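These numbers come from the heavy atoms of this one structure, side chains and all, not from hydrogens, waters or symmetry mates. Bear in mind the structure is a predicted one, so any value in this text is a computation, not a measurement.
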Amino acid sequence: MKTNTNKTIYTTLLLLFFALFQVQAQPGARLKERIKEKKEQVKSQKVAFITQELNLTPDEAAKFWPIYNAFEEKQAEIRKQKVKSYMDRQDDEQLDKMSEKEAQAALNQMESTEDELYKLRKKFVADLKNVLPAVKILKLKRAEEEFNRKLVEQLRDRRARN
């Protein structure tokens, strides 16, 4: 289940990344602004979707969203580091020149990042147990997966039209 969730998240992030850069090339500041607007739009859609799916009370929402937002920020930071590390080693020529010691260090770093993400998710769920009933925590997982699935579908549809 963890692997499928990770694949869904990575697929969603990659598609979002490519969709954001499908925006016509414009001067740097304008492009950055459009990307920021798209990210904010997706984030607000996600907040609305999760709020609706979980049927959060005002009290639950007030406690839930700070925890969720902190989790999302930390998760994004870890993933950004992971992607950067991966991109640094992506070149086949670089991989061929890598020593066994360097390859082992890269594998250790990958495992460490995965462990860090797993521990972060565990802490997140533990924190949520103080705020939401278990059923809503399970619904959150389903809502996140459903939102990501719908986002991927929208991106595919948009690509097909272009």
Side-chain angles (χ1 to χ4, degrees), residues 1-24 26 28-88 109-162:
M1 184 168 142
K2 182 179 171 189
T3 304
N4 288 338
T5 302
N6 284 344
K7 286 180 184 176
T8 302
I9 291 169
Y10 294 135
T11 301
T12 303
L13 290 174
L14 283 173
L15 287 172
L16 180 59
F17 175 79
F18 289 123
L20 291 174
F21 285 98
Q22 290 241 335
V23 176
Q24 289 182 336
Q26 299 174 8
R30 181 66 184 134
L31 178 60
K32 286 180 183 180
E33 184 62 32
R34 296 224 26 214
I35 291 170
K36 184 178 176 182
E37 288 171 9
K38 290 289 185 187
K39 284 182 181 180
E40 288 299 317
Q41 183 181 21
V42 169
K43 184 177 179 177
S44 66
Q45 289 173 348
K46 185 175 185 179
V47 167
F49 186 81
I50 289 173
T51 299
Q52 179 183 344
E53 291 296 306
L54 298 185
N55 195 22
L56 295 174
T57 66
D59 185 49
E60 288 173 335
K63 294 175 184 173
F64 168 78
W65 286 112
I67 294 169
Y68 187 84
N69 291 335
F71 166 73
E72 287 279 294
E73 286 176 22
K74 183 65 177 169
Q75 184 174 241
E77 179 184 312
I78 293 169
R79 285 204 175 107
K80 184 176 180 180
Q81 291 171 357
K82 182 178 180 178
V83 167
K84 183 187 180 324
S85 175
Y86 175 76
M87 295 303 278
D88 289 346
Q109 183 183 12
M110 288 169 54
E111 289 173 346
S112 176
T113 301
E114 287 300 321
D115 287 344
E116 194 174 353
L117 285 167
Y118 176 72
K119 289 174 185 173
L120 179 65
R121 170 84 55 194
K122 277 190 76 148
K123 182 186 179 316
F124 172 62
V125 171
D127 291 346
L128 286 182
K129 287 179 181 178
N130 297 320
V131 174
L132 297 176
V135 171
K136 286 192 178 183
I137 296 172
L138 292 173
K139 285 182 178 182
L140 170 63
K141 183 72 175 151
R142 186 180 66 200
E144 287 176 316
E145 290 172 357
E146 179 69 14
F147 179 81
N148 289 338
R149 187 184 63 73
K150 287 183 178 192
L151 183 61
V152 168
E153 285 176 7
Q154 287 176 359
L155 292 172
R156 281 187 196 142
D157 291 345
R158 190 174 302 152
R159 261 198 177 156
R161 287 188 300 231
N162 292 336

How far apart are the C-alpha atoms of Arg158 and Leu155, what are their side-chain angles, what is the distance that settles it, and do they pass the side chain to side chain contact (heavy atoms under 4.5 Å, CB included) test? CA-CA 5 Å; Arg158 190 174 302 152; Leu155 292 172; 3.9 Å; yes
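- In plain terms, the two heavy atoms of Ala61 and Pro66 that are nearest each other are O-CD, 4.2 Å.
- The pair Glu144-Arg121 counts as a salt bridge, with a side-chain nitrogen and a carboxylate oxygen less than 4.0 angstrom apart.
- A distance of 7.0 Å separates CE of Met110 from NZ of Lys82, quoted to the nearest 0.5 Å.
- Taking all atoms of both residues into account, the shortest heavy-atom contact from Glu60 to Asn55 is OE1-O, 4.1 Å.
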Check the pair Glu77 / Lys74 against salt bridge (charged side-chain N to carboxylate O under 4.0 Å, His left out), numbers first and verdict last. CA-CA 5 Å; Glu77 179 184 312; Lys74 183 65 177 169; 3.4 Å; yes
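- Open room surrounds NZ on Lys63; 12 or fewer heavy atoms of other groups in view lie less than 6.0 Å from it.
- Counting heavy atoms from C-beta on, the side chains of Glu53 and Phe147 never come closer than 4.5 Å.
- Nearest heavy atoms, Ile67 versus Leu128: CG2-CD2, 4.0 Å.
- By the side chain to side chain donor-acceptor pair (under 3.5 Å) test, Lys123 pairs with Asp127, sequence neighbours left out.
- Between Arg149 and Glu146 there is a salt bridge, since a side-chain N of the basic residue sits under 4.0 Å from a carboxylate O of the acidic one.
- Here the straight-line distance linking atom CD of Gln75 with atom CZ of Phe124 works out to 8.5 Å at 0.5 Å rounding.
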Side chain to side chain contact (heavy atoms under 4.5 Å, CB included) between Gln41 and Lys38: does it pass, once the steps are laid out? CA-CA 5 Å; Gln41 183 181 21; Lys38 290 289 185 187; 3.8 Å; yes
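- Rounded to the nearest 0.5 Å, atoms CG (Asn130) and CZ (Phe64) are 14.0 Å apart.
- Here the CD-CD1 distance, from Glu40 to Ile35, works out to 13.0 Å after rounding to the nearest 0.5 Å.
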For the pair Lys129 and Ile137, evaluate side chain to side chain contact (heavy atoms under 4.5 Å, CB included) and give the outcome as yes or no after the intermediate values. CA-CA 8 Å; Lys129 287 179 181 178; Ile137 296 172; 3.9 Å; yes
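- Considering NZ of Lys139 and CD1 of Ile50, their distance stands at 14.0 Å, rounded to 0.5 Å.
- Using bins of under 30°, 30° to 60° and over 60° for the plane-to-plane angle, the ring pair Tyr68/Phe71 lands in the tilted bin.
- For the atom pair CG (Leu120) and CD1 (Ile78), the distance works out to 5.0 Å, reported to the nearest 0.5 Å.
- With salt bridges taken as basic N to acidic carboxylate O contacts below 4.0 Å, none links Glu72 and Lys43.
- For Lys136, the NZ atom is densely surrounded, since the number of other residues' heavy atoms within 6.0 Å is greater than 12.
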